[in-house]
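Computed from a predicted model, the values in this text were never measured in an experiment. Each chain gets a letter, A, B and so on, in the order its sequence line appears, and its residues count up from 1.
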2 protein chains.
Amino acid sequence: MVIDKRDMENQEYNKELELNAENIKAQMRKGVLEYCILSILRKGDSYVSPLISELKAAKMIVVEGTLYPLLARQKNQGLLSYRWEESPSGPPRKYYSLTEKGHKALEVMDEAWSEVVKTVDYIKTGLENR
Amino acid sequence: MVIDKRDMENQEYNKELELNAENIKAQMRKGVLEYCILSILRKGDSYVSPLISELKAAKMIVVEGTLYPLLARQKNQGLLSYRWEESPSGPPRKYYSLTEKGHKALEVMDEAWSEVVKTVDYIKTGLENR
DNA sequence: TTTGGTACTTTGTACAACAAGGTAGTATTT
DNA sequence: AAATACTACCTTGTTGTACAAAGTACCAAA
């Protein structure tokens, strides 16, 4: 067994990275965001500001710079459509709604999400609960 | 309400992106991977090949190129340590184990994960179940 | 007409996952 | 003993996503 060559510690950064719950949650939320957006829109059409508010209320913080590109992506995938509506005060609002394709995608995601939850549980316990 | 300038459809890609369950699940798994690795190691020390197998068995597919940098990261954060062990057949194996810091991080992640699950449920239902 | 608020958009950066290829030690076959 | 196969570890370059920050545009009220 010859190890020495391999065992040369590759740069001990060890940057005392915060072991902070918020950071870790932020990591986990990634990838679930799309699902959340569609889930909210399932309950009714909306535009960016109230979307952010609702996500914030659910402790799933996002910012405009995240949401706009994401909505554009989902629109380009045909999951969303939008219409302009006048605002009682301020510039017009871009209301997004789920398309039929979006509804179908959402159903797939419902399934995917519950599978991921089941998978994590499986990995944690190692038991055959699936 | 002047809309025309804004409403110029920005590149209608609409690339018939697979509405495939695997893709969506892959997206959702991101960010949960670190948690899964630590969870597996909590059950006992291991090295890359069996880690990949266990993840694959749980339908959480990853490849070597993903896992090695991830483990290196977690080691540099002080969450993991490793030791070399001879193999009954083949090159030596790098066994990873949770450090004390890793155990603490894992507890934080346990909490974080269940919060994310609760959050998604909250967003889906919109009810006050938290 | 200027100020402030709301809303939408873009640009640049950081980081994570992946694909693909590379290095190295051990065992087996010829 | 040379070649082959297998296992295991590691690196590089690409892509995609979230974010920070700055920018554009419309509207209302002082």
| said: Main chain of A:Thr99, side chain of A:Lys104: is a donor-acceptor contact present, judged purely on distance under 3.5 Å? | reply: no
| said: Looking at B:Arg29 and B:Lys59, would you say the former's side chain and the latter's main chain have a donor-acceptor pair under 3.5 Å? | reply: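 Judged by distance alone, yes, a pair lies under 3.5 Å.
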Expressed in angstrom and rounded to an integer, what is the separation of [X] atom [atom1] from [N] atom [atom2]?
X       : N      : atom1 : atom2 : result
A:Trp84 : C:dA7  : CH2   : P     : 11 Å
B:Gln74 : C:dA16 : CD    : P     : 11 Å
B:Tyr82 : D:dC10 : OH    : C1'   : 12 Å
B:Leu67 : C:dA19 : CG    : P     : 13 Å
B:Leu51 : D:dT7  : CG    : C1'   : 15 Å
B:Ile52 : C:dA19 : CD1   : P     : 12 Å

| task | In plain terms, say whether A:Glu115 and B:Lys25 are close enough for a salt bridge, that is, a side-chain N and a carboxylate O under 4.0 Å apart. | result |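 So A:Glu115 pairs with B:Lys25 through a salt bridge.
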| Which residue lies toward the 5' end of DNA chain D, A:Arg73 or B:Pro50, if each is placed at its nearest nucleotide? |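 Checking each residue's closest nucleotide, the 5'-ward one belongs to B:Pro50.
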| query | Which residue lies toward the 5' end of DNA chain D, B:Ser89 or A:Gly65, if each is placed at its nearest nucleotide? | reply |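 In this pair, the answer is B:Ser89.
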| request: Starting from the C-alpha separation in whole Å, work towards a yes-or-no answer on salt bridge (charged side-chain N to carboxylate O under 4.0 Å, His left out) for A:Glu54 and A:Lys56. | output: CA-CA 5 Å; A:Glu54 176 145 9; A:Lys56 190 180 294 174; over 6 Å; no
| task | Scan A:Thr66 against the nucleic acid and name what it touches under 4.0 Å (heavy atoms): base, sugar-phosphate only, or nothing. | result |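 Touches a base.
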| request: Mind checking A:Gln27 for me? I need base, sugar-phosphate or nothing, with any heavy atom below 4.0 Å counting as a touch. | output: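 If one applies the 4.0 Å heavy-atom cut-off, A:Gln27 turns out to touch the sugar-phosphate alone, with no base involved.
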[X] side chain, from C-beta outward: closest of [options]:
X       : options               : result
B:Lys94 : D:dT7, D:dC9, D:dC19  : D:dC9
A:Lys30 : D:dC9, D:dA18, C:dA7  : D:dA18
A:Val48 : D:dC26, C:dC8, D:dC9  : C:dC8
A:Pro92 : D:dC26, C:dA7, C:dC18 : D:dC26
B:Ser49 : D:dC19, D:dA8, C:dA17 : D:dA8
A:Val62 : D:dC19, C:dT9, C:dA17 : D:dC19
B:Glu64 : D:dA18, D:dC9, C:dC8  : D:dC9
A:Tyr47 : C:dA19, D:dT7, C:dA7  : C:dA7

| Under a 4.0 Å heavy-atom cut-off, which of residues 35-46 of chain A touch DNA chain C? |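 Result for residues 35-46 of chain A: none.
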| Taking atom types as modelled, is there a side-chain donor on B:Tyr82 or B:Asp45 under 3.5 Å from an acceptor on the other? | no
| said: Minimum heavy-atom separation for B:Tyr122 and A:Ala58, please, with both atom names. | reply: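 Here B:Tyr122 and A:Ala58 meet closest at CD2-CB, 3.3 Å.
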| Distance test, side-chain N/O of B:Tyr68 to OP1/OP2 of D:dC9, below 4.0 Å |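 Yes, such a contact exists.
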| message | Go nucleotide by nucleotide along DNA chain C from the 5' end; which of A:Gly90 and A:Pro69 gets its closest nucleotide reached first? | response | A:Gly90
| query | Knowing that exactly one of A:Tyr95, A:Tyr68, A:Trp84 qualifies, which makes a ring pair (Phe, Tyr, Trp, His ring centres under 6.0 Å) with A:Tyr47? | reply |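 For A:Tyr47, the ring pair (Phe, Tyr, Trp, His ring centres under 6.0 Å) check succeeds only for A:Tyr95.
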| Could you go step by step and tell me if A:Arg42 and A:Glu107 meet the salt bridge (charged side-chain N to carboxylate O under 4.0 Å, His left out) rule? | CA-CA 11 Å; A:Arg42 170 156 56 185; A:Glu107 279 169 32; over 6 Å; no
